[in-house]
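For reference, the structure is listed below as structure tokens.
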2 protein chains.
Amino acid sequence: MRTVRAGDHLDVVTIHRAVRERVGHVSLQAVYDGLHALHRAGLLRKIEPMGSPARYEARVGDNHHHLVCRMCGTVTDVDCATGEAPCLDPVDAAGFLIEEADVIYWGVCPDCHSQNP
Amino acid sequence: MRTVRAGDHLDVVTIHRAVRERVGHVSLQAVYDGLHALHRAGLLRKIEPMGSPARYEARVGDNHHHLVCRMCGTVTDVDCATGEAPCLDPVDAAGFLIEEADVIYWGVCPDCHSQNP
DNA sequence: GCCCTAAACCTGAATCATTCAAGTAAAGGA
DNA sequence: TCCTTTACTTGAATGATTCAGGTTTAGGGC
């Protein structure tokens, strides 16, 4: 939890490495288990941009969204475009009970853009 | 293309099966290659809800969104909540050049909901 | 008609994140 | 002290996707 909170949309191997530095030795499996538990408990949010491994973040509860860079894969937080309890109301829910919205904006981050104009 | 258009958010194996029925024999690889090409050309849209294989759809250009059922995995189209050229404007783009927004609403579909109330 | 290049397609093996399985050690409660 | 649960371990399996050749098919130029 501390590691995820300190980091920024870390993937599992990175978390594993960081936790190992902190603790000495942990198996990758233990990290997966822990992340699952924390996620199930609602303490961690999991995001999975297509084509890249899953990432975890500690900012949870507010439903904010994510900017993902097509070139370097960086993930950045964005607040919700529509306001307060937002995005949970598509025009026509087709009878679905909607629990959560997952919004990813795809684009190019400032760094990558300045390097490849 | 015809198969994807006829179907409804099909995954690759399903497309493979359907194409094989139509043509006689195709390798899975050929299907992957074809889908990639069509996707690169912008004729097909690829969606990848976390935890499930990729799905393709022919409805492209308008940026509509998707409802995914947590129980059965069904994918349903929804029109964009905010209107015309939508969702492409988060409050603060943090310098990103935004090209596309990917919105997935997670919930329970009418069928599953009526079966497990 | 023939050659040559490019495209489409095949089979088979590799990759990589994630999960499953089963066993061991440690901790807590009765 | 015994028993059950939890945390963690190692090692193997899964499954979607991709890579890596090799082979056929189809046109275009001469």
Among pairs that include at least one residue of residues 1-21 of chain A, which meet ring-ring contact (aromatic ring centres under 6.0 Å, His included), considering only residues two or more places apart or in two chains?
->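 As it turns out, the ring-ring contact (aromatic ring centres under 6.0 Å, His included) pairs with a partner in residues 1-21 of chain A, which skip direct neighbours, are A:H9-A:H66.
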
Quick one: is D:dT18 close enough that its OP1 or OP2 comes under 4.0 Å of any side-chain N or O from B:H36?
->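 So the side-chain polar atoms of B:H36 do come within 4.0 Å of the phosphate oxygens OP1 or OP2 of D:dT18, strictly under.
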
State, to 0.1 Å, how close [X] and [Y] come at their nearest heavy-atom pair, and which atoms those are.
X	Y	result
B:V75	B:D8	O-OD2, 3.9 Å
B:A18	B:T3	CB-CG2, 3.4 Å
B:P49	B:W106	CB-CH2, 3.8 Å
B:A58	B:R5	CB-CG, 3.5 Å
B:D102	A:M50	OD2-CE, 3.2 Å
B:R45	B:A101	NH2-O, 4.3 Å

How is A:V13 classified with respect to the nucleic acid when contacts are heavy atoms under 4.0 Å: base, sugar-phosphate, or nothing?
->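 Nothing: the residue A:V13, judged by heavy atoms under 4.0 Å, touches no strand.
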
Whole angstrom value for the distance that separates P of D:dT17 from CD of B:E48 = 6 Å

State whether A:R70 and B:E99 are salt-bridged, where the test is any N-O pair (Lys NZ or Arg NE/NH1/NH2 against Asp/Glu carboxylate O) under 4.0 Å.
-> yes

Identify the pairs formed between an N or O of the protein and an N or O of nucleotides 7-10 of chain D at a distance under 3.5 Å, and give each distance.
from: D:dT9; atom 1: OP1; to: A:H25; atom 2: O; distance (Å): 3.4
from: D:dT9; atom 1: OP1; to: A:S27; atom 2: N; distance (Å): 3.3
from: D:dT9; atom 1: OP2; to: A:S27; atom 2: N; distance (Å): 2.5
from: D:dT9; atom 1: OP2; to: A:S27; atom 2: OG; distance (Å): 2.7

Identify the 5'-most and 3'-most nucleotides of DNA chain C with at least one atom closer than 4.0 Å to a non-hydrogen atom of chain A.
->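 Both ends considered, the range comes out as C:dA17 to C:dC20.
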
